[in-house]
There are 2 protein chains.
Amino acid sequence: MRMIWLMDDQPVALPTRTERKERTRRAILDAALTLTEQSSLSALSLRHVAREVGIAPTAFYRHFTSAEDLGLALVDESFSSLRRTLRDVRAAQPSVGGVIGPSVEVLVDRVRADPEHFGFISRERVGGLPGVRAAIRRELDLFEAEIATDFARLPGAVHWSTDDLRTSANLIVIAMVAAAERLLQGPGTPAFEREVTRTTTTQLRMLSIGAIQWRSRPQDRGGSGRLRATDDTTTS
Amino acid sequence: MRMIWLMDDQPVALPTRTERKERTRRAILDAALTLTEQSSLSALSLRHVAREVGIAPTAFYRHFTSAEDLGLALVDESFSSLRRTLRDVRAAQPSVGGVIGPSVEVLVDRVRADPEHFGFISRERVGGLPGVRAAIRRELDLFEAEIATDFARLPGAVHWSTDDLRTSANLIVIAMVAAAERLLQGPGTPAFEREVTRTTTTQLRMLSIGAIQWRSRPQDRGGSGRLRATDDTTTS
DNA sequence: GGTGTTGGTGGACACCTGTCCACCAACTGT
DNA sequence: ACAGTTGGTGGACAGGTGTCCACCAACACC
């Protein structure tokens, strides 16, 4: 920010060039986000965006080379906050069971706080520009891998196959994506949000119970009916 | 079909008017399906469809009142075959565990046999025309309800809460939708299909194990570690 | 055999689309 | 103080869009 002083000694903030560029860049991103709310990025009109922002259509190219470029920026934005928050949550909780509740709550909070970004992700995740779709899948895969790593740290996990780790982590990611979608498509009432939170938590708990049972099976087929303790997964 | 006989006594099939109408209707549906393969229905150009079919743009309105109308017809088409097939599978299998394998195989087969329809569903399920989205959700909800009913028929299910029935059925539907999407986005190789089949089957088995454990909990909290027999869910 | 119905035509309408271009004013680094 | 850089302008381009309209040929029915 560049300061200049007028005659009456009042400092006036004059935005520097890079600041102004960043500002219209933001405006473009925001406009794109609101305009794609009802359709998809591939159907986004560049002129529409320009009109919304208040610039000439061609000025768009000073910031993004294409709609796909814009989309990738939006993907990055959308995930960065969620990724950070969830990582914090998982780092703070020692057990897998303990991490479920807070994780779902974080997800619901983030989606509520920023529906446009998550709506964008949910829409572009399937069908849209291939590059954007790929970027989103990469983020979700990363997320899945982190969950699998968490699982691998569980006591007794050394004997679980890598495949099954990924498979169960995948289902968890799927359930969370589905929860976000339900949240976005349903009414924004607190009651509905609470219901989605409850349902999703239940689903993840069921799942982790099943996963733990499942994996003890291959090396203990036909053994006694006695199963591993599952306290980890029920402590909220 | 109206038959006419030429001089040399060869019967020639002359399509009646309604048959011809039905034929171009089909052509429109097919064209719309291939044209939306890369984008969404809301971005579908009516003129493009007409060109593909080989009719004048305005002739479209003789068959559908709008793009949404077309979309609803496609939703109906897409689900009708799957719904029928899955219902047969579930009717033929007495146990929930036994139904998982065949169900997943049916799903994979149907998706492979008709990727255009399922791609359409997967894309329009989120973001697109609201009416179409609602129709798809209705179909999935119906499917979820049927699964919940199956669960309710399990021995010992009388004590399970309706909510938990729906919650677990919901996750099953979610996992199957996700499987279809993975199948559609990944390579069409048989190896990949087998892997998706295996992964999804595992997920559904884990899930049903977890669900069974879960529900026995509320009325038996703090009991022995002994759990219900789960043979149902492991017999393929 | 005549008549109403109907699937399809083709032109015209007003408007919207992405991208190219020359141009400009003002901020920046020296 | 000056020259270069840069964010933004506005017109023009070739084309694409949905929808309206009058019109037609052929099928269906009585």
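For clarity, every value in this text was computed on a predicted model and none was experimentally measured. Each chain gets a letter, A, B and so on, in the order the sequences are listed, and its residues count up from 1.
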Protein-nucleotide distance (B:E19, atom CD; D:dA28, atom C1'), rounded to Å:
14 Å
Verify the neighbour count for atom CD of B:Q38: are there more than 12 heavy atoms of other residues, nucleotides or ligands below 6.0 Å?
no
Tell me which of B:T65 and A:G54 sits closer to the 5' end of DNA chain D, going by the nucleotide each one is nearest to.
A:G54
Over how many whole Å does the gap from A:I55 atom CD1 to D:dG7 atom C1' extend?
9 Å
Using whole Å, report how far CZ of A:R23 lies from C1' of D:dG8.
16 Å
B:F79 and its side chain to side chain contact (heavy atoms under 4.5 Å, CB included) partner, picked from B:I136, B:L74, B:L142
B:I136
Please evaluate the base of D:dT5 for a donor-acceptor partner in the side chain of A:R17 within a cut-off of under 3.5 Å?
yes
Less than 3.5 Å between a donor and an acceptor, one on the side chain of B:T58 and one on the base of C:dG10, is that the case here?
yes
Start with the C-alpha distance between B:E195 and B:R182, add both sets of side-chain angles, then the distance that settles salt bridge (Lys or Arg N to Asp or Glu O under 4.0 Å), and finish with yes or no.
CA-CA 11 Å; B:E195 201 214 302; B:R182 230 174 309 148; over 6 Å; no
Just the rounded figure in Å: distance from C1' of C:dA26 to NZ of A:K21.
15 Å
Under-3.5 Å donor-acceptor pair between B:R62 side chain and C:dG8 base:
yes
Separation of A:L46 atom CG from C:dT19 atom P, in whole Å?
7 Å
Between C:dG18 atom C1' and A:E68 atom CD, what is the distance in whole Å?
16 Å
Polar side chain donor-acceptor pair, A:R110 to A:T85, under 3.5 angstrom
no
Distance in angstrom units between A:R47 CZ and D:dA14 C1', rounded:
12 Å
Check every atom of C:dT9, D:dT17, D:dG8 against the side chain of B:H48 and return the nucleotide holding the closest atom.
D:dT17
Has the side chain of B:T24 got a donor or acceptor atom sitting under 3.5 Å from an opposite partner on the base of C:dG7?
no
Are any non-hydrogen side-chain atoms of A:I121 and A:H117 less than 4.5 angstrom apart?
no
Gap between atoms CG and C1', on A:L44 and C:dT19 respectively (whole Å):
16 Å
Have a look at A:R51 and say if it touches a base, only the backbone sugar-phosphate, or nothing, with a 4.0 Å heavy-atom cut-off.
sugar-phosphate
